[in-house]
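Everything numeric here is computed off the predicted structure, so don't read it as measured data. So you know, we letter chains A, B, ... as the sequences are listed, proteins then strands, and number each from 1.
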2 protein chains.
Amino acid sequence: MNIWEGCKPFNMLSKKTQYAFHALIHLAENADKGPVLISEIAQEKNISIKFLENILLELKNAGILGSKKGKGGGYYLLKTPKEIPLARIIRLLDGAIALLPCVSLNYYEKCDNCRDEAVCGLHDVMSKVRDATLKLLENKTLKDILTKNVAI
Amino acid sequence: MNIWEGCKPFNMLSKKTQYAFHALIHLAENADKGPVLISEIAQEKNISIKFLENILLELKNAGILGSKKGKGGGYYLLKTPKEIPLARIIRLLDGAIALLPCVSLNYYEKCDNCRDEAVCGLHDVMSKVRDATLKLLENKTLKDILTKNVAI
DNA sequence: AAAAAGTCTATCTTTTTTATAGAGTTTATG
DNA sequence: CATAAACTCTATAAAAAAGATAGACTTTTT
């Protein structure tokens with residue numbers, strides 16, 4: 001059961017992050033209905049319920065979601081969609097937003113194939129890519145990826 | 001032996017692609033000296049020689065490098081650095097340049113967590129990220145990542 | 001003929017990703 | 001207060017990908 005089915009999807013967002021986005025969208029679009037069941041999100045978005053559990057828990061531990069146990073419980077947003085930048089979610093679940101460790105702002109790591117980072121042309125170009133990417137992902141929020149209009 | 005040592009380097013260029021860039025840089029900067037030995041590149045750039053063999057072979061099969069067997073042999077560029085866009089190398093060795101399969105130009109794949117791609121907000125944002133990335137990676141070439149100045 | 005150097009194919013190991021299992025805890029409510 | 005609903009936590013397993021290696025083969029030079 002290969003979920004990527006024949007494409008070559010390297011460098012992409014993990015399923016974990018993709019599922020997180022879809023779950024957050026569902027939560028935002030149903031924010032008026034009180035806590036939402038994990039099982040409801042899983043069914044609606046076609047995600048393994050047990051896998052989704054872990055993801056929602058991570059989002060909760062990061063202060064993005066709240067939860068309520070017991071009957072009538074479920075998950076809900078702790079922030080408005082507008083307050084949740086996409087970069088926040090990606091960094092939380094996938095880590096660095098950069099094509100090379102040596103240009104990552106949050107997960108920097110020295111590269112060991114170049115002698116001097118200061119004069120590495122690769123470093124320059126990849127920094128530019130990172131900046132262009134972050135400009136979008138830090139300014140676009142959950143609100144921007146919603147289908148329906150939701151009250152702020 | 002974890003070569004990523006504690007960072008969380010997902011979504012990044014693979015070692016294969018990174019090694020390819022470093023090898024190409026070395027070949028460009030030594031283009032005047034005739035064919036360059038795999039072993040020379042491996043030593044200079046701190047890459048496993050056997051792993052590098054495979055990479056150089058892929059670059060050769062893609063028409064980017066040429067080679068000469070026997071004594072005095074080695075690898076050499078078939079194009080000028082200016083004619084080799086970075087996107088070409090990444091696509092060859094890593095595949096798609098996109099954060100989601102559904103926004104990849106060269107490796108498109110339908111996403112199965114959203115009902116309708118046409119009204120998927122995620123799709124819109126990720127297309128913008130792809131465009132911003134490609135604008136850089138398709139216009140920047142091997143020439144732009146060289147340290148030394150090399151004759152065109 | 002011998003040595004140098006790339007070619008090819010196969011396999012192995014490690015790491016990461018994805019997914020699952022199951023016992024535990026909290027809460028609403030009849 | 002018993003019960004069921006629902007999230008919590010930790011561990012583990014399965015699958016895929018990345019990274020690396022081995023060795024026999026071919027071509028070329030001298």
Provide, to the nearest angstrom, the distance between the [atom1] atom belonging to [X] and the [atom2] atom belonging to [N].
X	N	atom1	atom2	value
A/Phe51	C/dA21	CZ	C1'	15 Å
A/Ile49	C/dT18	CD1	P	19 Å
A/Leu93	C/dT17	CG	C1'	13 Å
A/Gln18	C/dT18	CD	P	8 Å
B/Ile55	D/dT21	CD1	P	12 Å
A/Glu53	D/dT10	CD	C1'	12 Å
A/Lys15	C/dT20	NZ	P	13 Å
A/Glu58	D/dT8	CD	C1'	13 Å

List every contact pair, protein side and nucleotides 3-5 of chain C side both N or O, where the distance is under 3.5 Å.
{"from": "C/dA5", "atom 1": "O4'", "to": "B/Gly70", "atom 2": "O", "distance (Å)": "3.4"}

- Mapping B/Ser39 and B/Asn54 to their closest nucleotides on DNA chain C, which lands nearer the 5' end? B/Ser39
- Task: May I ask you to verify if any side-chain N or O of A/Lys60 is less than 4.0 angstrom from the OP1 or OP2 atom of D/dC7?
- Result: no
- Message: Is the phosphate of D/dA20 approached by B/Tyr19 (side-chain N or O, under 4.0 Å from OP1 or OP2)?
- Response: yes
pair [X]-[Y]: side-chain heavy atoms closer than 4.5 Å:
X	Y	result
B/Asn46	B/His22	no
B/Leu13	B/Phe21	yes
B/Leu24	B/Ile145	no

- Query: To which residues is B/Tyr76 joined in a hydrophobic cluster, defined by side-chain heavy-atom contacts under 4.5 Å among Ile, Leu, Val, Met, Phe, Trp and Tyr, whether direct or through other members?
  - Reply: B/Leu78
- Query: Got a salt bridge between A/Glu138 and A/Arg91, using NZ or NE/NH1/NH2 to carboxylate O under 4.0 Å?
  - Reply: yes
- When rounded to the nearest 0.5 Å, the distance separating CD1 of B/Ile55 from OG1 of B/Thr17 is 8.0 Å
- Query: If you check the B/Ser48 side chain, which of D/dG19, D/dA20, C/dC8 turns out closest?
  - Reply: D/dA20
- Between D/dC9, C/dC8, C/dG6, spot the one nearest the side chain of A/Lys50, thanks. D/dC9
- Message: For A/Thr141 and A/Lys82: C-alpha separation, side-chain torsions, deciding distance, then whether side chain to side chain donor-acceptor pair (under 3.5 Å) applies.
- Response: CA-CA 6 Å; A/Thr141 67; A/Lys82 209 174 176 175; over 6 Å; no
